[in-house]
2 protein chains.
Amino acid sequence: MSNIEALPLLEPEAPESAVPCCPPLTERPLTADEAEKTARMFKALGDPVRLRLFSLVASHEGGEACVCDISDVGVSQPTVSHHLKKLKEAGLLTSERRGTWVYYRVEPSVVAAMGQMLGTLG
Amino acid sequence: MSNIEALPLLEPEAPESAVPCCPPLTERPLTADEAEKTARMFKALGDPVRLRLFSLVASHEGGEACVCDISDVGVSQPTVSHHLKKLKEAGLLTSERRGTWVYYRVEPSVVAAMGQMLGTLG
DNA sequence: CACTTGCTTCGACAAACGTCAACATAGACA
DNA sequence: TGTCTATGTTGACGTTTGTCGAAGCAAGTG
């Protein structure tokens with residue numbers, strides 16, 4: 001029997017799919033589980049303050065920024081910390097303490113995955 | 001000093017302004033205004049039910065789906081209607097009534113804009 | 001050690017959100 | 001006209017979220 005014919009057309013994944021996420025939104029309806037996971041990432045960017053924080057880190061020189069660099073987003077410092085934590089929990093940022101300061105940087109694979117879910121729509 | 005300068009910035013603009021909003025998130029920190037606009041779009045996809053609805057419309061044949069096609073997302077019909085409205089207000093979907101049914105389709109420009117803000121990160 | 005600075009966690013509160021049942025509206029059809 | 005079906009809107013509800021001040025760690029300095 002030729003078991004060759006029904007090969008699942010899932011080739012070795014693209015290098016940046018370190019994230020077990022989802023196909024482009026146009027490919028097929030998401031399952032409840034996929035939607036749950038993915039929505040968490042989009043929700044993380046669904047707040048103006050968090051979006052500014054993320055953009056600030058993403059555009060900062062060296063790809064990272066310490067919390068001390070961000071004090072002008074219009075909210076108190078505990079609130080900044082709270083939002084950074086949310087972004088971390090969503091997998092969009094990572095943090096590292098170096099001496100006195102804590103540095104945040106973006107997690108490219110996760111962001112790329114989000115982009116791919118949207119990008120193929122155009 | 002003219003008192004004209006302080007125009008109330010609340011124009012009666014269309015709720016779905018399909019404008020390419022902002023530069024890639026890596027280019028420079030977003031302004032408060034840009035973040036406000038953009039966050040509205042991401043927030044729209046930040047709910048599992050909405051994400052499923054959106055994916056359902058986006059992946060449906062012909063690029064559009066009527067509400068009758070979507071009855072298995074696990075919430076009541078009024079809730080579906082509510083979420084579709086949210087997606088419309090965010091500019092991600094448009095709707096059109098044809099006879100008995102209402103058809104929804106994705107707004108490609110807005111989705112593409114979101115993808116561009118993320119896509120250049122990889 | 002005490003003191004200062006950078007950041008996180010805690011406790012509380014108002015506002016926003018998701019959900020549903022009930023009601024309302026729009027069109028098709030008899 | 002009236003009735004039926006397909007969607008949207010309203011009002012109410014419990015839950016989640018964003019925000020702050022106060023307190024708690026962590027690390028450097030005198």
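These numbers come from the heavy atoms of this one structure, side chains and all, not from hydrogens, waters or symmetry mates. Quick caveat, the model's predicted, so the values are computed rather than measured. Proteins come first, then strands; the chains are lettered A, B, ... in the order of their sequence lines, and each starts at number 1.
In this structure, A:Asp47 atom CG and D:dG18 atom P are separated by 5 Å, rounded to whole Å. When the P atom of D:dT19 is taken as reference, atom CG of A:Leu84 falls 12 Å away, rounded to whole Å. Atom NZ in B:Lys88 sits about 13 Å away from atom P in D:dT7, given to the nearest Å. In this structure, B:Glu89 places its CD atom 12 Å from P of D:dG8, rounding to the nearest Å. Atom CG of B:Leu93 is separated from atom P of D:dT7 by 15 Å (rounded to the nearest Å). Between the NZ atom of B:Lys85 and the C1' atom of D:dT10 there is a distance of 10 Å, rounded to whole Å. Atom NE2 of B:His82 and atom C1' of D:dG8 are 12 Å apart (whole Å). Rounded to whole Å, the distance from NE2 on A:His83 to C1' on D:dG18 is 6 Å.
Between A:Thr100 and D:dG28 there is no side-chain polar atom (N or O) within less than 4.0 angstrom of OP1 or OP2. Close to D:dT17, at under 4.0 Å from its OP1 or OP2, lies a side-chain N or O of A:Lys43.
Across all strands shown, A:Val80 has no heavy atoms under 4.0 Å from either base or sugar-phosphate atoms. Residue contacts shown for B:Tyr104 are limited to sugar-phosphate atoms, with no base heavy atom under 4.0 Å away. The residue A:Arg50 sits close only to the backbone: its heavy atoms come under 4.0 Å of sugar-phosphate atoms, none of a base.
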Return all side-chain donor-acceptor pairs below 3.5 angstrom for residues 72-80 of chain A, not counting sequence neighbours, or 'none' if the list is empty.
| residue | atom | partner | partner atom | Å |
| --- | --- | --- | --- | --- |
| A:Ser76 | OG | A:Thr79 | OG1 | 3.0 |

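For B:Arg97 and B:Tyr103, the positive end is not near the middle of the six-membered ring at less than 6.0 Å and at most 45° from its axis.
Taking 4.5 Å as the limit, every side-chain heavy atom of A:Leu51 sits out of range of all side-chain heavy atoms of B:Glu34. For the pair B:Val111/B:Phe54, a side-chain contact is recorded, criterion being any heavy-atom separation below 4.5 Å from C-beta on.
Taking a heavy-atom distance under 4.0 Å as the criterion, the stretch of DNA chain C touched by chain B extends 5' to 3' from C:dC17 to C:dA28.
Between A:Lys88 and A:Glu107 there is no salt bridge, since none of the side-chain N atoms of the basic residue sits less than 4.0 Å from a carboxylate O of the acidic one.
Checking D:dA27, D:dC20, D:dT7 against every side-chain atom of B:Val102, the shortest atom distance belongs to D:dT7.
Counting only residues at least two apart or in different chains, side chain to side chain donor-acceptor pair (under 3.5 Å) contacts with residues 39-53 of chain A comprise A:Arg50-A:His83.
Checking A:Pro78 against B:Gly99, the closest nucleotide of DNA chain C that is more toward the 5' end is the one next to A:Pro78. Positionally, the nearest nucleotide of DNA chain D for A:Gly46 lies more toward the 5' end than for the other of A:Gly46 and A:Arg98.
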Go through it in stages, so that I can follow the logic: the residues are B:Cys22 and B:Leu30, the test is side chain to side chain contact (heavy atoms under 4.5 Å, CB included), and I'd like the CA-CA distance, side-chain angles, deciding distance and then a yes or no.
CA-CA 8 Å; B:Cys22 310; B:Leu30 292 183; 4.0 Å; yes

